[in-house]
Amino acid sequence: DSVSRFAENRAPAPLQVAKVGSHRATPLLHDRLRPQATTEAEISAKVLASGAADLAALFAAMEGFDACPLKKTATNTVFGVGNPEATIMLVGEAPGAEEDRRGQPFVGVSGQLLDRMLASIDLDREAVFITNMLAWRPPGNRKPTPEETSMCLPFIRRQIELIAPRVLVFVGGTSATTLLDNPAGITRMRGRWFDYPVRGGVSGVDIPAMPIFHPAYLL
Ligand code: URA
């Protein structure tokens, strides 16, 4: 099936990635105001993500990306799962403990509720594609910082481009506000349609996107 077929591709050799920020000489004054490493990490992520021609290549690129501090404490790079041909793609926040342990998104208690939500509209995990904004678990399940989120943004944007779903579901406020660049908050945004602009893909295409409450919040 599509899930295990994709899982077979999961042991790629890590890409050679430029070490970010490790070669700097004396830090410049403005480093203390806006960490330069963040910008370099974002550029590195952008280059890696845009060069990934398919999902396996994108996963390999993320496995080789060492600039995100979350990766040091995480056990697994948690990539999306499900049907790569799916018309519906769900984007959560970040892996929790169970997700980090098993290397799969939404497999803990939140995931079980998400499964029931999908079942209530006659869908299951094989029919959709499920992923997160961030592939690495923030320690103690804290919220990802803006720096962590923005340096990982190129990876989720590319994942969306490669799946090219007809509908996006943003599960919770983090993916909704970040990917729609809309600070309104999940309570005001949920249940409404927004346009997610696909950058760098087919030009001028927006994907209809609906934010929903996160199952962890519902629980
Ligand atoms: N919460 C998320 O946002 N994603 C997961 O994968 C698990 C819990």
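One-based numbering, in listed order, for ligands and for the atoms of each. One is the number of the first residue; the rest follow in order along the sequence.
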*From the options T131, V91, N132, select the one whose nearest heavy atom is closest to atom 4 (N) of ligand 1.*
N132
*Using the benzene-type ring in the case of Trp, are the ring centres of F170 and H214 under 6.0 Å apart?*
no
*Show your working on side-chain contact (heavy atoms from CB on, under 4.5 Å) between L55 and F79 and close with a plain yes or no.*
CA-CA 9 Å; L55 292 171; F79 198 73; 4.0 Å; yes
_Part of E93 within contact of ligand 1 (heavy atoms, under 4.0 Å)_ = both
*asked:* Is it the case that atom CZ in R142 sees more than 12 heavy atoms from other parts of the structure closer than 6.0 Å?
replied: yes
_L114 with V107, same ILVMFWY side-chain cluster at under 4.5 Å_ = no
*Any N or O of G96 that comes nearer than 3.5 Å to an N or O of ligand 1?*
no
*asked:* For atom 5 (C) of ligand 1, which of the options A94, G111, S110 provides the nearest non-hydrogen atom?
replied: A94
*Compute whether any side-chain donor of one residue and acceptor of the other, for N182 and T177, lie under 3.5 angstrom apart.*
no
*List every atom of ligand 1 that sits less than 4.0 Å from any heavy atom of H214, numbering the atoms from 1 in the order shown and giving each element.*
1 (N), 2 (C), 3 (O)
